[in-house]
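Note sheet for the following structure.
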Amino acid sequence: MLELIHTVLRLFIFVIFIDVVLSYLPDMKRQKWAQVLHKIADAPQKPIREALPQDLPLDPSPMIVIIVINMLMYLL
């Protein structure tokens, strides 16, 4: 069961990485699958993004979520 949780968390990290790469490809962001992927990846990032100052040059929320997920996997 624990290995399944780790696999799902690793898969979610992969989804976040794909979403970050797609953010630099505007033509791909219009694809239906890319929009679904963005909704999935954006769910945990949205509260972090809202808590951070809006004038940051880069969005650190994906990295923060990945660090939290890695910490969670380490604790499990």
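Everything quoted here is computed from the prediction, not taken from an experiment.
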Hydrophobic side-chain clustering at under 4.5 Å (ILVMFWY, transitive links): who's grouped with Met71? Put none if nobody.
-> Met63, Ile67

Under 4.5 Å side-chain linkage, directly or through intermediates, the cluster mates of Tyr74 =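 Grouped by the 4.5 Å side-chain rule, Leu75 form the rest of the cluster around Tyr74.
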
If you measure from CD1 on Ile40 to CD1 on Ile18, what distance do you get to the nearest 0.5 Å?
->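 With rounding to 0.5 Å, CD1 (Ile40) is 12.5 Å from CD1 (Ile18).
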
Supply the atom-to-atom distance Leu9 CG to Leu76 CG, rounded to the nearest 0.5 angstrom.
->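 Those atoms lie 7.0 Å apart.
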
[X] and [Y]: which non-hydrogen atoms are nearest, and at how many Å?
X     : Y     : result
Lys29 : Leu22 : CG-O, 3.1 Å
Val65 : Pro44 : CG2-O, 3.9 Å
Ile69 : Phe12 : CD1-CD2, 3.4 Å

Those residues that, when tested against Asp27, pass salt bridge (charged side-chain N to carboxylate O under 4.0 Å, His left out) (two or more places apart) = Arg30

For residues 66-76, which residue pairs qualify under salt bridge (charged side-chain N to carboxylate O under 4.0 Å, His left out), counting only residues two or more places apart or in two chains?
-> none

Kindly state each residue pair satisfying salt bridge (charged side-chain N to carboxylate O under 4.0 Å, His left out) with at least one member in residues 64-76, sequence neighbours excluded.
-> none

By side-chain contact (heavy atoms from CB on, under 4.5 Å), which residues pair with [X], not counting sequence neighbours?
X     : result
Gln31 : Trp33, Ala34
Phe17 : Ile13, Ile66
Leu52 : Ile48, Leu56, Pro60, Ile64

Within one Ile-Leu-Val-Met-Phe-Trp-Tyr cluster: [X] and [Y], side-chain cutoff 4.5 Å:
X     : Y     : answer
Val36 : Val15 : yes
Leu58 : Ile16 : no
Met73 : Leu11 : no

What residue pairs, at least two apart or across chains, pass side-chain hydrogen bond (donor to acceptor under 3.5 Å, both in side chains) with a residue in residues 4-21?
->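 Of all non-adjacent pairs touching residues 4-21, those that pass side-chain hydrogen bond (donor to acceptor under 3.5 Å, both in side chains) are Asp19-His38.
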
Applying side-chain hydrogen bond (donor to acceptor under 3.5 Å, both in side chains), which residue pairs with at least one partner in residues 50-59 are found, sequence neighbours left out?
-> Arg49-Asp59, Asp59-Ser61

